[in-house]
Protein chains: 2
Amino acid sequence: MPTPSRRRQTRPDAPEAPDASDAPAVSTPRRRATIHDVAEHAGVSIGTVSRALNDRAGVHPDTRLRVLASAAALTYDPDKAARELSNRRAVDIALSVAHGYRRLTPFFGLFLQHLSEQLAVEGLQVREVASGDDGLPVRDADAFVLLDAHPDDPRIGHLARSGRAFVLVGHAHDVRCVAADDVAGGRIAAEHLLRLGHVDSVHLTADLHAQAFADRAHGFAAAFEAAGADQPTTIVADDASTLGGYRAMRAHLEGGTRPGAVFAATDELAIGCVTAAADLGLRVPSDLSVVGFDDLPELGARLTTVRQDIALLARETVTLLHEALAGAAVRAVRLPVTLVSRGTTAERRNR
Amino acid sequence: MPTPSRRRQTRPDAPEAPDASDAPAVSTPRRRATIHDVAEHAGVSIGTVSRALNDRAGVHPDTRLRVLASAAALTYDPDKAARELSNRRAVDIALSVAHGYRRLTPFFGLFLQHLSEQLAVEGLQVREVASGDDGLPVRDADAFVLLDAHPDDPRIGHLARSGRAFVLVGHAHDVRCVAADDVAGGRIAAEHLLRLGHVDSVHLTADLHAQAFADRAHGFAAAFEAAGADQPTTIVADDASTLGGYRAMRAHLEGGTRPGAVFAATDELAIGCVTAAADLGLRVPSDLSVVGFDDLPELGARLTTVRQDIALLARETVTLLHEALAGAAVRAVRLPVTLVSRGTTAERRNR
DNA sequence: CGATATCTCGTAAACGTTTACGCACGTGGG
DNA sequence: CCCACGTGCGTAAACGTTTACGAGATATCG
């Protein structure tokens, strides 16, 4: 076995360890182990270590085990910069939320989490989450993910004109985009409610300017029409927050009408709605059935809702990102939604 | 002048450009320019390019200009992975929000934005924003920033025990942490209100278990006591959302008491409070003065509030991060707050 | 039993940057 | 006029990975 070539250590700055005593004191911010350390520890070469850790073929099972053990013993964590550099994978992806983090809805928060997980799997990185006050991404990047965009968002035209790779999470014409099938979502919410006998439903939404909300409303209304039922009343809240939903619903209920069910365009609106009903002494679901949209984990643990698969949304986003980078043809994808029936809907009571 | 050594291009995969025709079509996802391209374009060496672009000494002004022009012409953007690798700056910083992005408050959203800007200035990266459902960061990193932590958050003990570098944004004993001076904030809110003649104020808050809220309440009450005024009533909302503030305040106002002023522990609570007052026909500020906390840009454009400097908070966080990495002594820092008086407070009316 | 295929692994090049070092020019003073 | 020196720049090493290539060892086959 050839002696492992000594690591070169020529750079003369080394500002880290003030006392370079070799004993690794318990809480010393220890130097990160590199692949060389693992190789030395396991008595193999760095090539073998890399192959073993990346599940590449051509390494003996025993050796692999030994390498894995060494890596664990040294708490080896591959340097991401080096890996990216070597992989030619250094794709900068800028995430552009219309107004930065500050207006991040729980839905987009969850999406972000899935997206960065998905990208991490491929060794990619979300490099930036920001946009200037003009809404334009503040730095240059190889690809952009646009959140929260109206069809006429200035960012779309800007990115398209400059030939940048980007994908829109939402829906618009002639751009690469991905979104849940909102129309279908509205429809299955309606069908669920109709099946329970609720012909007197209302739709609680906000800002029908937003494509997603318009589509959900449309799907909902269309299903009622198809069933020969009366068109549902639409209530438009000031915004899509829980407070918006609460006030709009409370005002509506206090107006004297007592719908048997409400389809909220968002889980947040639904929560506001449920809260308003409770404050007015109405029991959910016996007095009022409520269907939400999104299926956010902890927000509506007990909410009957139209579920969209956020993990899938993130995966599709990444797929489209790759297509954009490769210069493929523009494509719009619609993701299926399902109704998950939980505790906030029940059969219509006779009054 | 020595001929610039031809770039090596030996790697045989090159899955990118299907047709390697040299003419750069307008919307072709062009190969990123590297420092070598800039060097060739400007007729200098890569070392000179690097020095010119990084404002290092030892490059002739004329040359510098030429390099800058070439870089601009090629839209050169240095590869971050390579830069980090070379710089030994590859510090992985994990941001740990108690429950991931999903419960990100506007305040923390804004903080995140400032933090990543601040880190970007130093060439550092926030590598991950996530934590598992157990609240523990999901990957290993060189340093951690903990958000949203109660003093007895399990993450603190875990990180401390394992000797990791971390800083807590908030306040707890015996850990490196940074937060606004919440007690002072409560005090100046009280002093502002007292100055306007409001001796019958209430405090709207949520979850006094949270250190920040407890401190704000304490500072507020202490100032009233110091002024010889009656202790303010405290209203505890279900949560710190706008809806929480709305419901708590509405219930209180409907209970018959009509305080002249309220100090909300959060701008969000304050918004809910203002909305509740409006819905009950009370005018702000003539019927009810409202003071918030945080000074979130678009949320409370017209809100009188206790301002904390979020950019400063981010800068201090980075400073502490460096100290943590360097193994310095633990230190807790308190940031000053100021009262910004806007449209939601007025002098007490005689009734 | 010798030639050859197969498996395992070590070596080195490459990714794109920063920076220490040294060389070739000048310019100044003795 | 020569030497010392400063200025501007090119060269190459280094950061920590991945991976093509080739070499040695072992197994397989004629």
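Note on naming: letters A, B, ... go to the chains in the order of the sequence lines (proteins, then strands), and numbering restarts at 1 for each one.
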Parallel, tilted or perpendicular: rings of F107(B) and F111(B) (30°, 60°): parallel
S50(B) has a side chain; which of dT17(D), dG16(C), dT18(C) sits nearest to it? dT18(C)
If you check the L85(B) side chain, which of dG16(D), dC9(C), dT19(C) turns out closest? dG16(D)
Grab the CD-C1' distance between E84(A) and dT17(C) for me, whole Å please. 14 Å
H60(B) has a side chain; which of dT18(D), dC9(D), dT17(C) sits nearest to it? dC9(D)
Please pick, from dT18(C), dG16(C), dG8(D), the nucleotide with the shortest atom-to-atom distance to any side-chain atom of P61(B). dG8(D)
Within this structure, what is the CZ-to-C1' distance between R83(B) and dA14(D), rounded to whole angstrom? 17 Å
Among D309(A), L312(A), I310(A), T317(A), which residue satisfies the side-chain contact (heavy atoms from CB on, under 4.5 Å) criterion with H114(A)? I310(A)
Between I35(A) and R51(A), name the one whose nearest nucleotide on DNA chain D is closer to the 5' end. I35(A)
Rounded off to whole Å, could you give me the CG-to-P distance for the L53(B) and dT18(C) pair? 8 Å
Is any side-chain N or O of S86(A) closer than 4.0 Å to OP1 or OP2 of dG16(D)? no
For A82(B) and T63(B), find the nucleotide of DNA chain D closest to each by heavy atoms; which residue's nucleotide sits nearer the 5' end? T63(B)
Distance, rounded to the nearest Å, where R66(A) contributes CZ and dT8(C) contributes P: 13 Å
H36(B) NE2 to dT11(D) P: how many Å, rounded? 11 Å
Nearest of dG10(C), dC15(D), dG10(D) to any side-chain atom of S45(A)? dG10(C)
Nearest whole angstrom, please: distance from the P of dC9(D) to the CG of L65(B). 12 Å
Should V169(B) and E316(B) be marked as a side-chain contact (heavy atoms from CB on, under 4.5 Å) after you check the CA-CA gap, both sets of side-chain angles, and the distance that decides it? CA-CA 10 Å; V169(B) 179; E316(B) 287 295 331; over 6 Å; no
I'd like to know whether Y76(A) forms a side-chain contact (heavy atoms from CB on, under 4.5 Å) with L53(A), so could you lay out the CA-CA distance, the side-chain angles of the two residues, the decisive distance to 0.1 Å, and finally the verdict. CA-CA 10 Å; Y76(A) 170 67; L53(A) 294 180; 3.4 Å; yes
Pairwise distance CG(L147(B)) to CG(L168(B)) - rounded to 0.5 angstrom: 8.5 Å
Is R56(A) close enough to dT19(D) that one of its side-chain N or O atoms is under 4.0 Å from OP1 or OP2 there? yes
May I have the distance from I46(A) (atom CD1) to dC9(C) (atom C1'), rounded to whole angstrom? 12 Å
Atom CG of D37(A) and atom C1' of dT17(D) are separated, to the nearest Å, by 13 Å
